Asks: 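Sending over a structure as C-alpha cells; questions will come in a sec.
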Amino acid sequence: MDFSENTGLLIKALRFSADKHRYQRRKDQAQSPYINHPIEVAQLLWDVGGVREINVLLAALLHDTIEDTQTRPDEIRSLFGDEVLSLVLEVTDDKSLPKSERKRLQIENAPHKSIGAKLIKLADKCCNVRDLTGSPPKDWSMERRREYLLWTEQVINGLRGTNMELEAYYERELASGKLLLGIH
Ligand code: NDP
Ligand code: ZN
C-alpha cells in the first residue's frame with residue numbers, strides 16, 4: 001500500500017472513531033473528549049513503539065469503538081477489512097461478563113494475543129497509567145488508583161517481549177505512578 005492510500009485510511013479511521021465516540025468523555029476532571037485517548041494510543045505506537053504497520057495503527061484508532069459504542073463488527077469490516085476487525089475484536093472486552101471476570105480474563109488472555117493486539121494493549125495500558133497519574137478519574141480514591149495500577153502490571157506481564165521501547169515507556173510511567181500513589 002502506498003503513502004497516500006495509508007493516509008486516506010488513517011483519516012477515515014479518525015473520522016469514524018470521532019463520530020462513534022462523539023457523545024463520550026474520559027473520566028478525568030476536565031471530561032476530555034473520548035477521542036483524545038485512541039489518538040494518543042495510535043501516536044504512542046508510532047512515536048515510541050516505531051510501529052509502521054497500517055492495520056495496527058488503524059485498529060488502535062478504533063480500539064474502543066466496539067467495546068464502548070454501538071459500533072457493529074460489520075461496519076469495521078466493510079470500511080477497514082478483516083484484519084483490522086480481527087485486531088479490534090482481540091482488544092475488546094466482553095461487556096456481558098462481570099467486571100471482575102473481565103479483569104481476570106485480560107490477565108489470562110494477554111500472552112495468547114497476536115503481536116498486533118499485544119502492541120495495542122501495551123500502548124493502551126501505557127496511556128491509561130499515564131492518565132491515572134496525570135489526569136485521573138475524578139471520583140477515584142487513591143486505593144482504587146493503586147489497585148488499577150497493580151492490575152495493569154499483571155496484564156503487561158503477559159505482553160512482555162513484544163516491543164522494547166513501549167515496555168520501557170510503560171515501566172517509566174508505572175514507576176512515576178507508584179511514586180505518586182505511594183506504592184513501594
Ligand atoms: P474501569 O475499568 O471501570 O476504569 C478504568 C478504565 O477507564 C481504563 O481502563 C480506561 O479504559 C478508562 N478511562 C477513562 N478515563 C480514564 C482516565 N482519566 N484515567 C484512566 N482510565 C480511564 O476500572 P475499575 O472500575 O475496574 O477499577 C480498577 C480497579 O479498582 C479494579 O481492580 C477494581 O477491582 C477496583 N475497584 C475499586 C473500587 C473502590 O472503590 N476501591 C470500586 C470499583 C473497583 P479504556 O482505555 O478502555 O477507556
Ligand atoms: Zn483504550
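Read the numbers this way: they start at 1 and go in the same order the structure lists the ligands and their atoms. Since the structure is predicted, the reported quantities are computational estimates derived from the model, not experimental observations.
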Asks: Tell me, please, which residues at least two apart from Asp74 pass side chain to side chain contact (heavy atoms under 4.5 Å, CB included).
Replies: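 Asp74: side chain to side chain contact (heavy atoms under 4.5 Å, CB included) contacts with Arg72, Arg77.
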Asks: For atom 16 (C) of ligand 1, which protein heavy atom lies nearest, and how many Å away is it?
Replies: Arg26 NH2, 3.6 Å
Asks: May I ask you to check whether over 12 heavy atoms, not counting those of Arg160, lie within 6.0 Å of atom CZ?
Replies: yes
Asks: What residue and atom, counting heavy atoms only, is the protein's closest point to atom 30 (O) of ligand 1, and at what distance?
Replies: Arg144 CG, 3.4 Å
Asks: Side chain of Asp28, backbone of Ser32: donor and acceptor closer than 3.5 Å?
Replies: yes
Asks: If you count every heavy atom of other residues, nucleotides or ligands that lies below 6.0 Å from Met164 atom CE, does the total exceed 12?
Replies: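 Counting other residues, nucleotides and ligands, CE of Met164 stays at 12 neighbours or fewer.
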Asks: Under the 4.5 Å side-chain heavy-atom rule for ILVMFWY, direct or indirect, which residues accompany Leu97?
Replies: Leu105
Asks: Decide whether the shortest distance between a heavy atom of Glu143 and an atom of ligand 1 is less than 4.0 Å.
Replies: no
Asks: If you take the nearest heavy atom of each of Lys99, Glu40, His37, which one is closest to atom 3 (O) of ligand 1?
Replies: Lys99
Asks: Can you sort out which atoms of ligand 1 are near Pro137, meaning under 4.0 Å from one of its heavy atoms?
Replies: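 Numbered from 1, ligand 1 contributes 17 (C), 18 (N), 19 (N).
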Asks: Got the closest protein heavy atom to atom 26 (O) of ligand 1, with its distance?
Replies: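 Of the protein heavy atoms, Lys103 CE, 2.8 Å lies nearest.
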Asks: Would you say the side chain of Ile66 lies within less than 4.5 Å of the side chain of Leu85, judging by non-hydrogen atoms?
Replies: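 Heavy-atom side-chain distance check passes, below 4.5 Å.
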Asks: Within less than 2.8 Å, report the number of protein N/O/S atoms around the Zn ion (ligand 2).
Replies: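 Count of protein N, O, S atoms less than 2.8 Å from the Zn ion (ligand 2): 4.
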Asks: Between ligand 1 and Lys27, is the shortest N or O to N or O distance under 3.5 Å?
Replies: yes
Asks: Let's go through Arg146 and Glu143 carefully: what are the C-alpha distance in whole Å and the side-chain angles of both, what is the deciding distance for salt bridge (charged side-chain N to carboxylate O under 4.0 Å, His left out) to 0.1 Å, and is it a yes or a no?
Replies: CA-CA 5 Å; Arg146 279 188 207 108; Glu143 186 52 31; 3.0 Å; yes
Asks: Counting both backbone and side chain atoms, is some N or O of Trp140 under 3.5 Å from an N or O of ligand 1?
Replies: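 No: no nitrogen or oxygen of Trp140 is under 3.5 Å from one in ligand 1.
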Asks: Can you pull the side chain to side chain donor-acceptor pair (under 3.5 Å) pairs that have at least one residue in residues 50-61, sequence neighbours excluded?
Replies: Asn55-Glu83
Asks: Answer yes or no on whether Arg25 is positioned over the face of Tyr34, meaning its NZ or CZ is under 6.0 Å from the six-membered ring centre and within 45° of the axis.
Replies: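 Ring-cation test returns no.
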Asks: Who's closest to atom 8 (C) of ligand 1 heavy-atom-wise, of Tyr148, Trp151, Tyr34?
Replies: Tyr148
Asks: Can you spot which of Ile39, Ile35, Asp64, Leu58 makes a side-chain contact (heavy atoms from CB on, under 4.5 Å) with Ser17?
Replies: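 For Ser17, the side-chain contact (heavy atoms from CB on, under 4.5 Å) test succeeds with only one of Ile39, Ile35, Asp64, Leu58, which is Ile35.
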Asks: Taking N or O atoms only and a 3.5 Å limit, does Ser135 qualify as a polar contact for ligand 1?
Replies: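 So ligand 1 has an N or O lying under 3.5 Å from an N or O of Ser135.
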Asks: Starting from atom 34 (O) of ligand 1, find the nearest protein heavy-atom neighbour and note its residue, name and distance.
Replies: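 The protein heavy atom lying closest is Glu147 OE1, 3.5 Å.
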Asks: Can you name the atoms of ligand 1, numbered from 1 with element, that are less than 4.0 Å from a heavy atom of Asp28?
Replies: 18 (N)
Asks: To which protein heavy atom is atom 11 (O) of ligand 1 closest, and what is the distance rounded to 0.1 Å?
Replies: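 Checking every protein heavy atom, the shortest distance to atom 11 (O) of ligand 1 gives Asn128 ND2, 3.6 Å.
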Asks: Apply side-chain contact (heavy atoms from CB on, under 4.5 Å) to Ile54 and Leu10, showing your working.
Replies: CA-CA 8 Å; Ile54 186 68; Leu10 284 167; 3.8 Å; yes
Asks: Please could you name the atoms of ligand 1 that Asp64 approaches to less than 4.0 Å, counting only its heavy atoms?
Replies: 45 (P), 46 (O), 47 (O), 48 (O)
Asks: Do Lys12 and Phe80 meet the cation-pi criteria used here (NZ or CZ under 6.0 Å from the six-membered ring centre, within 45° of the axis)?
Replies: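 Yes, a cation-pi geometry holds between Lys12 and Phe80.
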Asks: Less than 3.5 Å between some nitrogen or oxygen of Asp131 and one of ligand 1, yes or no?
Replies: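 There is no such contact.
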Asks: Tell me, do His63 and Val88 make a side-chain contact under 4.5 Å, heavy atoms counted?
Replies: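 Contact flag for His63/Val88 side chains = no.
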Asks: Considering the heavy atoms of Asp124, write down every atom of ligand 1 situated less than 4.0 Å from one of them.
Replies: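 Selected atoms, number and element: 46 (O).
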Asks: Would His37 and Asp131 count as having a side-chain donor-acceptor pair, cut-off 3.5 Å?
Replies: no
